[in-house]
Amino acid sequence: MPIFDIYSKCQKRLRGEAPDVFQYQNFPEPFRNQVIQILLDALGEEIYPDSESAHAYGMIHRILLREYGVFLLSEKSHSGTPASIDIFTFFSGCNEKDKILDVIETSFRVFELASENNAFRESPISKKPEALIEELNQRFYEHGLGYQYESQEIIRIDSKLVHAEVVKPALAVLSDKMYEGANDEYLTAHKHYRNGNYKDCLTWCLKAFESVMKAICEKHKWAYARGDTAERLLAICFSYHLIPSYLQSHYSSLRSNLESGVPTVRNELGGHGQGSIPVAVPPYIAAYLLHLTATSILFLSDAEKALK
């Protein structure tokens with residue numbers, strides 16, 4: 001179902017009540033209800049025990065039960081409660097941020113998997129997960145929640161503009177098979193950022209940055225060593241004119257900017273020994289490096305596409 005710009009939403013914007021700063025803890029009841037309605041559109045109602053919908057809800061249910069080490073999600077449920085009811089009851093009353101996001105991420109992963117395998121042949125709306133994922137992400141934004149569902153992961157965002165113009169295009173690039181390793185590493189960096197593990201976020205940003213260059217080297221059969229650092233990998237890429245020679249002089253600072261960007265921030269704050277005094281990585285540094293990594297990935301992939 002499309003999102004309608006109803007009168008009350010227009011009035012909120014006119015009064016300046018539209019969210020311009022994201023929050024990450026409180027998931028209001030209207031948002032949760034909207035997510036449930038999206039999932040009902042996606043998977044249908046669990047009317048018959050052997051229906052395709054029941055199988056999908058059952059898979060979501062089993063994943064959550066096993067990961068949490070419980071037999072029921074909600075205290076209000078019992079052994080005969082249908083899986084969808086237990087999931088929705090738990091989701092509606094849960095006060096733990098991470099578990100709320102668990103339900104959303106797991107449900108949409110199963111939904112995408114089922115759609116890819118044509119498990120919902122009888123439901124035409126379920127053949128188009130993109131529209132429902134787009135609605136989910138718009139609902140996050142409407143309620144001022146700094147999250148988006150991208151590449152089968154819930155990722156945290158701090159700026160809608162930066163996410164739309166930098167992070168999302170970078171994830172699209174990384175969906176290419178040649179960047180499979182870098183994609184896993186960059187999504188892992190986002191997961192650490194979401195969970196407040198900022199040092200680990202820096203480490204995985206650097207891994208993704210290096211993996212993109214290794215993928216480019218492998219595609220073009222440029223020799224490199226598995227243990228090469230980002231600085232060495234950049235030197236190899238430049239030596240093979242990843243950036244055309246006639247532009248390298250014009251962009252004389254480009255290489256130094258790349259070399260002193262992602263690797264330096266990570267090495268200063270997230271890598272090597274930290275001595276006797278623990279080094280705390282502020283969240284804004286981790287956010288900066290996530291965005292810087294995305295920008296660097298876009299730059300390198302665009303340069304690779306332009307190679308002849």
Side-chain angles (χ1 to χ4, degrees), residues 1-4 9 19 22-49 51-115 119-120 123 125-126 128-157 187 190-191 194-196:
M1 180 180 293
I3 296 177
F4 288 91
K9 285 172 34 175
F22 291 126
Q23 58 96 4
Y24 305 92
Q25 298 294 331
N26 300 314
F27 294 79
E29 182 180 351
F31 168 78
R32 300 188 200 211
N33 292 339
Q34 287 165 339
V35 170
I36 291 173
Q37 289 164 18
I38 295 170
L39 286 174
L40 286 171
D41 275 351
L43 302 177
E45 294 187 37
E46 188 180 3
I47 299 175
Y48 304 109
S51 66
E52 294 166 339
S53 296
H55 287 310
Y57 287 119
M59 183 182 295
I60 297 165
H61 198 230
R62 287 192 298 275
I63 291 170
L64 294 172
L65 291 179
R66 180 161 295 191
E67 293 307 315
Y68 294 154
V70 297
F71 291 104
L72 289 170
L73 294 174
S74 171
E75 294 179 354
K76 297 179 181 179
S77 299
H78 53 80
S79 59
T81 301
S84 60
I85 301 301
D86 192 29
I87 293 166
F88 293 154
T89 304
F90 172 72
F91 180 70
S92 297
C94 184
N95 294 318
E96 297 181 51
K97 174 200 73 174
D98 289 345
K99 289 187 176 181
I100 293 170
L101 294 172
D102 282 343
V103 174
I104 297 173
E105 185 179 80
T106 303
S107 298
F108 276 84
R109 276 184 180 175
V110 170
F111 170 40
E112 285 197 272
L113 178 64
S115 298
F120 295 96
S123 177
I125 195 168
S126 295
K128 298 179 180 178
E130 296 84 4
L132 295 175
I133 290 169
E134 183 179 347
E135 181 181 351
L136 169 69
N137 286 334
Q138 184 60 31
R139 298 302 183 187
F140 273 125
Y141 180 66
E142 281 184 357
H143 293 280
L145 292 163
Y147 300 100
Q148 295 278 277
Y149 179 83
E150 305 280 358
S151 301
Q152 298 190 350
E153 302 267 355
I154 294 286
I155 64 174
R156 172 174 162 155
I157 64 171
L187 288 173
H190 272 280
K191 189 170 292 185
R194 191 182 94 193
N195 293 329

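In this text, all values refer to a predicted model and were calculated from it rather than measured experimentally.
Summarising the geometry, atom CD1 belonging to Ile38 is positioned 7.0 Å from atom CD belonging to Gln34; distances are rounded to the nearest 0.5 Å. Of the inter-residue distances, the one linking Leu39 atom CG with Ser84 atom OG reads 10.5 Å to the nearest 0.5 angstrom. In this structure, the separation between OG on Ser51 and CG on Leu43 is 10.0 Å, given to the nearest 0.5 Å.
Residues Glu46 and Ala83 share a closest heavy-atom pair of OE1-N, 3.5 Å.
Arg32 places a side-chain N or O within 3.5 Å of a backbone atom of Cys94 that can act as its donor or acceptor partner. A donor-acceptor pair is defined here as one N or O able to donate and one able to accept, closer than 3.5 Å; no such pair exists between the side chain of Ser74 and the backbone of Thr89. Under the 3.5 Å distance criterion, the side-chain polar atoms of Gln148 are left unmatched by any main-chain donor or acceptor of Ile155.
With sequence neighbours excluded, the residues satisfying side chain to side chain contact (heavy atoms under 4.5 Å, CB included) with Gln138 are Ile3, Tyr141, Glu142. Tyr24 pairs by the ring pair (Phe, Tyr, Trp, His ring centres under 6.0 Å) definition with Tyr147, not counting sequence neighbours. Remark: Glu96 engages Lys99 in a salt bridge (charged side-chain N to carboxylate O under 4.0 Å, His left out) (not counting sequence neighbours). Partners of Glu45 according to the side chain to side chain contact (heavy atoms under 4.5 Å, CB included) rule, which considers only residues two or more places apart in sequence or in another chain, are Leu40, Ile47. Listed by chain and residue number, nothing satisfies the salt bridge (charged side-chain N to carboxylate O under 4.0 Å, His left out) test with Lys97 (two or more places apart in sequence, or in another chain). By the side chain to side chain contact (heavy atoms under 4.5 Å, CB included) test, Asn26 pairs with Gln23, sequence neighbours left out.
Under the 4.5 Å side-chain criterion, counting only non-hydrogen atoms from C-beta, Phe88 is not in contact with Val103. Taking the side chain as every heavy atom from C-beta outward, Ser77 and Ile85 never approach each other to under 4.5 Å. Side-chain contact between Phe91 and Ile100: present, with at least one pair of heavy atoms (C-beta onward) separated by less than 4.5 Å. At a threshold of 4.5 Å between non-hydrogen side-chain atoms, the residues Leu72 and Phe90 do not count as touching.
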- Item | side-chain contact (heavy atoms from CB on, under 4.5 Å) assessment of Phe22 paired with Leu145 | CA-CA 5 Å; Phe22 291 126; Leu145 292 163; 6.0 Å; no

- Determine, stepwise, if the pair Leu187 / Ser151 fulfils side-chain contact (heavy atoms from CB on, under 4.5 Å). CA-CA 8 Å; Leu187 288 173; Ser151 301; 4.1 Å; yes

- Task: Decide side-chain hydrogen bond (donor to acceptor under 3.5 Å, both in side chains) for Glu150 and His190; before the verdict, give the C-alpha distance in whole Å, the side-chain angles of both, and the deciding distance to 0.1 Å.
- Result: CA-CA 11 Å; Glu150 305 280 358; His190 272 280; over 6 Å; no

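Using the six-membered ring where Trp is involved, Phe31 and Phe27 have ring planes that are tilted, between 30° and 60° apart.
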Indicate every side-chain donor-acceptor pair of residues 55-64 with a distance under 3.5 Å to a residue at least two apart or in another chain.
from	atom 1	to	atom 2	distance (Å)
His55	NE2	Asp50	OD1	3.2
Tyr57	OH	Gly44	O	2.7
His61	NE2	Asp86	OD2	2.6
Arg62	NH1	Gly58	O	3.4

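Applying the side-chain hydrogen bond (donor to acceptor under 3.5 Å, both in side chains) test to every pair with at least one member in residues 102-112, sequence neighbours left out, gives these pairs: Tyr68-Asp102, Arg109-Glu153, Glu112-Tyr149.
Looking at Ile154, Ile157, Val35 one by one, the single match for side-chain contact (heavy atoms from CB on, under 4.5 Å) with Phe140 turns out to be Ile154.
Within a 6.0 Å radius of CG in Asp98, other residues, nucleotides and ligands contribute more than 12 heavy atoms. Counting heavy atoms of neighbouring residues, nucleotides and ligands inside a 6.0 Å radius, atom CD of Gln152 exceeds 12 of them.
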